2 protein chains.
Amino acid sequence: MPTPSDAVRDAALSVPRTARQRARTEITREIIETARRHLAESGAAGLSLRAVARDLGMVSSAVYRYVPSRDDLLTALIIESYEHLGDAVARSEAQLRRGDLVGRWLAVCHAVRDWALANPHEYALLYGSPVPGYAAPQDTVPAGTRVPMLLMQLSADIIDAGMSPEPQRVPRAVHGSLVPLREGSGLPGSVPDDSIVRGIMAWTTLFGAVSLELFGQYGDGIADPRALFDHEMHRIAALLVAPDQ
Amino acid sequence: MPTPSDAVRDAALSVPRTARQRARTEITREIIETARRHLAESGAAGLSLRAVARDLGMVSSAVYRYVPSRDDLLTALIIESYEHLGDAVARSEAQLRRGDLVGRWLAVCHAVRDWALANPHEYALLYGSPVPGYAAPQDTVPAGTRVPMLLMQLSADIIDAGMSPEPQRVPRAVHGSLVPLREGSGLPGSVPDDSIVRGIMAWTTLFGAVSLELFGQYGDGIADPRALFDHEMHRIAALLVAPDQ
DNA sequence: CCTTGTCAAGAGCGCTGCTCTCGTCTCTTG
DNA sequence: CAAGAGACGAGAGCAGCGCTCTTGACAAGG
């Protein structure tokens with residue numbers, strides 16, 4: 001008695017057994033794929049289970065054999081999109097010399113921005129207002145932390161290279177605030193609070209800049225958003241690694 | 001022959017003449033008010049013209065005499081929300097001594113965050129993913145730039161007080177990128193590019209921090225978001241005004 | 001072979017945004 | 001003051017949505 005939730009999971013793992021099960025995971029994958037195409041074209045708000053079914057030549061009720069609900073389909077798309085973004089960023093960042101810390105930071109920045117510009121609806125789904133009530137369940141967390149994790153690794157590398165800026169004192173309350181993050185991320189205890197704060201602020205500014213641009217907050221006030229973005233991220237770089245090179 | 005768009009505008013201006021017109025602006029205002037209540041409770045996605053009509057004891061088609069479409073209603077709510085946020089921020093910032101530049105910056109930060117926490121759905125409507133296709137027309141621009149304008153004024157005051165940090169060199173492309181913003185904001189030409197960039201980055205980090213927290217990107221990694229936010233904004237303060245006090 | 005379980009299809013419920021018509025009421029003009 | 005022009009509320013209706021339930025056909029396993 002396979003439930004639709006199982007189908008979504010199996011489609012990701014893709015470990016079929018009988019012909020029935022193979023067909024099942026196959027169709028589930030097709031549904032998610034078609035939904036991803038619709039998402040890219042019309043955005044999350046315009047994603048319709050019925051339209052997806054129509055595209056696949058099946059009737060809407062049949063889709064519910066494979067997907068429990070529209071929200072679950074969106075959740076699957078969220079996870080998939082996080083992975084796509086994570087892949088794009090990791091791929092871009094991996095091309096640089098490990099010792100080129102500033103270069104790696106800038107690579108992450110532009111990879112995020114480029115991906116967001118290429119996939120605006122997906123980015124909006126990930127980082128915009130949470131659409132379906134407050135859907136985002138625990139399933140999306142591991143995928144969603146990939147980019148922040150990558151930045152944490154970069155922070156650790158900066159420390160190892162002895163390129164950290166003069167550590168700044170961090171208030172007691174902030175130290176306590178970071179405890180669950182330390183535990184959840186497996187960050188070595190030797191990383192000082194100051195570095196974590198710097199990492200968070202860098203990620204915050206990166207996210208903020210991309211979102212402001214993509215969500216139209218600049219209006220037509222900024223002629224060349226890429227130039228501004230690049231400059232901003234260069235300035236943040238000075239926050240992350242000491243300028244003495 | 002009053003069009004529904006006129007009704008929405010008149011409700012804001014409220015200059016009635018005949019009894020008919022007074023009733024018209026009155027009802028239009030009630031519609032927007034009820035819609036704002038629904039927005040606060042269920043979010044933009046859950047806002048239904050029919051539900052608003054039901055709440056007002058009228059039939060759905062009657063609402064269309066006053067509001068051209070759901071998107072226009074949302075646009076009206078966007079403008080109203082921008083004004084509310086702008087009021088809250090301006091009120092909070094005005095309470096501080098003009099010379100207390102860091103204090104004014106922090107007041108703006110906490111006013112934005114407090115308002116966002118108190119009105120999450122409104123904040124999501126303003127700064128989250130643009131819901132209705134790409135609605136946000138020109139009407140929302142003046143209201144939407146209130147907070148950034150306030151920060152621009154703060155930047156100008158910092159310069160006037162001679163408290164600006166050592167100006168940093170700004171690339172040619174970035175200078176050009178800022179031209180339309182200079183023209184649109186009536187900023188005095190004496191304000192250097194560097195100050196504008198600092199202002200944009202401050203606004204970017206403020207916006208990013210509030211959005212990351214409100215949209216659930218911190219997960220449960222941050223125990224005391226307010227403490228972290230306050231600390232981050234203090235650090236940004238050092239970017240805006242020279243630490244020599 | 002035959003039972004069990006999976007499947008696609010269709011009908012249907014309640015909701016949505018939006019349009020059109022119709023009878024009524026009000027304001028304005030002759 | 002009366003008559004025509006215009007604004008209005010109510011209702012029916014269309015197409016779409018998410019989702020549920022029933023029905024009949026098919027395949028898998030005992």
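Heavy atoms only: backbone and side chains are in, while hydrogens, waters and symmetry mates are out. Computed from a prediction, not measured in an experiment: that's the story for all the values here.
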Mind listing the N/O atom pairs, protein and nucleotides 20-24 of chain D, below 3.5 Å?
none

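- Under the ring-ring contact (aromatic ring centres under 6.0 Å, His included) criterion, B:Phe229 pairs with B:His110, sequence neighbours left out.
- Remark: A:Arg182 pairs with A:Asp193 by the salt bridge (Lys or Arg N to Asp or Glu O under 4.0 Å) rule, at least two apart or across chains.
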Expected list for residues 43-54 of chain A: side-chain donor-acceptor pairs under 3.5 angstrom, two or more places apart:
| residue | atom | partner | partner atom | Å |
| --- | --- | --- | --- | --- |
| A:Ser48 | OG | A:Arg50 | N | 3.2 |
| A:Ser48 | OG | A:Ala51 | N | 3.0 |

Assign a letter to each nucleotide of nucleotides 25-30 of chain D from its 5' end: B, base within under 4.0 Å of a protein heavy atom; S, sugar-phosphate only; -, no contact. --SS--

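- The salt bridge (Lys or Arg N to Asp or Glu O under 4.0 Å) check on B:Glu93 picks up B:Arg98, B:Arg104, with sequence neighbours excluded.
- Legend: salt bridge (charged side-chain N to carboxylate O under 4.0 Å, His left out) pairs involving residues 217-226 of chain A, not counting sequence neighbours: none detected.
- Looking at residues two or more places apart in sequence or on another chain, you find a salt bridge (Lys or Arg N to Asp or Glu O under 4.0 Å) between B:Arg36 and B:Glu80, B:Glu122.
- Qualifying salt bridge (Lys or Arg N to Asp or Glu O under 4.0 Å) partners for A:Glu26, counting only residues two or more places apart in sequence or in other chains: none.
- A heavy-atom distance below 4.0 Å to DNA chain D is reached by these residues of residues 49-58 of chain B, ordered by number: B:Arg50, B:Met58.
- Residues that satisfy the ring-ring contact (aromatic ring centres under 6.0 Å, His included) test with A:Tyr123, not counting sequence neighbours, are A:Tyr127.
- Legend: residues meeting side chain to side chain donor-acceptor pair (under 3.5 Å) with A:Arg37, ordered by chain and number and at least two apart, are A:Asp55.
- With rounding to whole Å, B:Asp71 atom CG is found 10 Å from C:dG17 atom C1'.
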